[in-house]
Amino acid sequence: MLKQHLQFKLSQKLSPQQIQLMKLIQLPTQAFEQRLKQELEENPALEGGKEESQNELDSDFDNSNDEYDNNDSINTEDINVDEYLSDDEIPDYRTQANNYSSDDEERTMPYAAGTSFTQHLINQLNTYRLSEDEREIAEFLVGSVDESGYIRRELTDIMDDLAFTQNVYTTEEKIEKVLKIVHQLDPAGVGARNLKECLSIQLHRKEKTVDTELAINIIDNAFDQFTKKHYKKLLQKFNISETQLKGAISEIEHLNPKPGGSYAGNNRIVEHVVPDFAIKIVEGELELTLNGRNAPELHVSREYNNMLKGYKDSKDKSKSQKDAVLFIKQKLDAAKWFIEAIKQRQQTLFVTMSAIMHYQKEYFLTGDERNLKPMILKDIADEINMDVSTVSRVANSKYVDTPYGTKLIKEFFSESMKNDQGEDVSTREIKKILETVIEEENKKKPLTDENLASILKEKGYPIARRTVAKYREQLDIPVARLRKKI
């Protein structure tokens with residue numbers, strides 16, 4: 001039996017312009033400047049800077065009808081030129097208003113200069129006297145060093161690769177011998193196959209003292225007990241005092257577990273965060289400004305305007321002239337839309353951040369994270385009557401300069417939990433208290449998650465042990481055993 005159903009479905013589709021606006025809103029200051037530069041390059045009808053006076057831009061526009069073939073004359077009623085010539089429709093958009101900071105400081109995104117990390121190591125190999133085979137093996141080993149400075153492949157795999165890719169037939173013993181040479185390169189610890197070997201190489205390169213000798217002994221012969229902080233076992237194993245153990249551990253703590261990461265010549269991009277907003281306290285009140293680099297001066301090209309005037313004043317219009325005007329119309333539409341989109345972007349950014357600032361007023365006045373109120377995206381979206389996704393685009397990628405440092409805006413958002421009074425408190429507030437309790441604990445007897453849960457309960461925050469463990473992990477704080485000190 002067949003049944004027919006009539007179903008109505010209401011759906012909302014974003015126009016291409018709306019999608020482009022959402023993308024513009026999401027861009028932080030530096031990326032926005034790149035997007036602006038790209039638009040200025042691609043659209044000749046869009047110009048930056050202050051618009052010059054009419055006298056400076058006026059030029060002779062040849063409207064002679066002799067240039068056009070009368071047989072090509074066309075009807076121009078389908079092109080409304082007046083709407084493009086209206087002063088209201090060709091915006092001269094200047095945005096240096098009071099709610100934008102000038103922020104004229106030039107900030108760039110520099111690149112680390114110099115040779116690559118691999119080339120840096122190969123240059124050092126040139127100072128060693130090696131046979132042809134040894135040099136090929138050494139260069140292959142250096143090429144296997146990862147960005148942290150380690151060689152994480154088995155020697156058997158390296159031996160096979162040398163045979164298949166370099167036509168070098170050798171043994172694991174010979175590779176091990178050449179690896180010892182790689183271990184002599186700088187930075188100390190490079191070419192190690194694991195953390196234990198990395199620390200050992202660095203300690204053997206240091207000046208020999210009582211502390212370094214003991215540190216070498218601990219790393220080489222009791223590494224597992226050291227990493228698990230079984231200090232009592234170490235005291236018994238080496239028959240030493242706590243003071244001696246502290247000296248050795250201090251030597252180890254000053255080593256570099258990632259020797260490759262410290263080399264500046266690995267050509268990684270060094271990004272400078274440019275705050276999109278600034279919040280200042282002026283006479284006890286909060287003052288918000290939007291970075292002036294988000295408020296460029298733009299206007300539609302007067303030259304394109306003059307072209308349309310010439311077209312309008314011309315009595316006969318050829319087909320080629322109409323095609324040119326259609327091109328101009330397209331570019332003017334794009335320029336006007338882009339200017340309006342930037343205006344909407346600025347308004348959206350400012351309104352959203354202003355709502356966040358007022359919602360978290362107590363925090364911005366004090367800098368105390370315990371004053372951060374529970375706040376989710378919907379709270380701000382409802383406040384400014386915008387979509388949650390719009391607020392998310394502003395919060396996820398923008399930074400604000402505050403009296404307490406530059407902060408990522410999304411860090412001000414957090415879920416709420418109930419305290420023992422039944423009041424909503426921010427999970428950020430609980431994490432801050434947890435962090436403080438751990439900082440003040442006796443490091444000889446660190447608090448377990450169970451202990452921490454009990455202390456938080458006493459302070460009025462009844463949360464489970466597993467929740468404490470989750471917050472501790474989110475704060476990158478290790479378990480009690482690994483926080484232990486002698």
Side-chain angles (χ1 to χ4, degrees), residues 12-54 56-59 61 74-97 100 276 290-314 317-350 386-387 389-390 393-394 397:
Q12 183 181 16
K13 287 189 176 181
L14 292 176
S15 68
Q17 287 84 0
Q18 288 173 312
I19 293 169
Q20 287 299 314
L21 176 59
M22 289 299 102
K23 288 181 178 179
L24 278 176
I25 289 172
Q26 192 164 342
L27 295 176
T29 300
Q30 283 183 317
F32 169 71
E33 288 181 316
Q34 291 298 316
R35 176 71 178 85
L36 176 64
K37 181 181 177 184
Q38 178 188 349
E39 193 70 22
L40 285 167
E41 288 174 353
E42 292 177 357
N43 190 350
L46 182 68
E47 294 181 351
K50 293 184 178 180
E51 188 175 12
E52 298 177 59
S53 68
Q54 179 65 45
E56 293 175 285
L57 283 174
D58 279 342
S59 59
F61 195 92
I74 57 177
N75 189 350
T76 62
E77 290 180 2
D78 55 339
I79 301 177
N80 187 354
V81 175
D82 285 334
E83 71 173 271
Y84 292 94
L85 298 179
S86 164
D87 289 338
D88 293 334
E89 291 295 327
I90 301 181
D92 172 15
Y93 186 39
R94 297 184 176 89
T95 57
Q96 302 300 322
Y100 305 115
D276 305 273
L290 177 64
N291 189 325
R293 290 157 67 174
N294 290 286
E297 291 185 334
L298 296 173
H299 59 268
V300 173
S301 168
R302 192 176 292 275
E303 184 181 350
Y304 269 52
N305 182 23
N306 288 341
M307 288 181 190
L308 284 182
K309 277 185 179 177
Y311 176 80
K312 182 185 179 185
D313 296 341
S314 174
K317 280 82 174 176
S318 72
K319 187 176 185 303
S320 60
Q321 193 179 10
K322 181 187 175 184
D323 289 342
V325 170
L326 288 173
F327 171 80
I328 292 170
K329 176 183 179 297
Q330 180 188 17
K331 292 302 180 184
L332 286 174
D333 280 338
K336 289 195 296 181
W337 174 85
F338 190 73
I339 287 172
E340 183 58 32
I342 288 180
K343 186 177 181 180
Q344 288 186 44
R345 175 183 182 272
Q346 290 168 228
Q347 290 172 341
T348 302
L349 295 187
F350 195 82
M386 287 188 184
D387 195 79
S389 63
T390 304
R393 283 180 170 87
V394 175
S397 56

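Reckoned from all heavy atoms, side chains included, excluding hydrogens, waters and symmetry mates. Here the structure is a predicted model, which means the values were calculated and not measured.
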Apply side-chain contact (heavy atoms from CB on, under 4.5 Å) to [X] and list each qualifying residue two or more places apart in sequence or on a separate chain.
{"X": "Lys23", "result": "Ile19, Gln20"}
{"X": "Ala334", "result": "Asn43"}
{"X": "Leu36", "result": "Leu40, Pro296, Leu298, Phe338, Ile342"}

>> Give me the atom names and distance for the closest heavy-atom approach of Asp276 to Ser397.
In response: OD2-O, 4.2 Å

> For the residue pair Leu21 and Trp337, what are the closest heavy atoms and their distance?
Replying inline: N-CZ2, 4.2 Å

> How long is the span from the CD1 atom in Ile25 to the CD atom in Gln344, to the nearest 0.5 Å?
Replying inline: 7.5 Å

> Got a second to check how far Asn291's CG is from Glu33's CD, nearest 0.5 Å?
Replying inline: 7.5 Å

> Does a salt bridge link Glu340 with Lys336, judged by any charged N lying under 4.0 Å from a carboxylate O?
Replying inline: no

> Which residue, Met386, Lys343, Arg393, forms the side chain to side chain contact (heavy atoms under 4.5 Å, CB included) with Thr348?
Replying inline: Met386

> Under the side-chain hydrogen bond (donor to acceptor under 3.5 Å, both in side chains) test, which residues partner Thr390, sequence neighbours left out?
Replying inline: none

> Can you name the side-chain hydrogen bond (donor to acceptor under 3.5 Å, both in side chains) partners of Glu41, sequence neighbours left out?
Replying inline: none

> Counting N and O atoms only, with roles assigned by atom type, does the side chain of Arg345 sit under 3.5 Å from a partner on the main chain of Phe32, one being a donor and the other an acceptor?
Replying inline: no

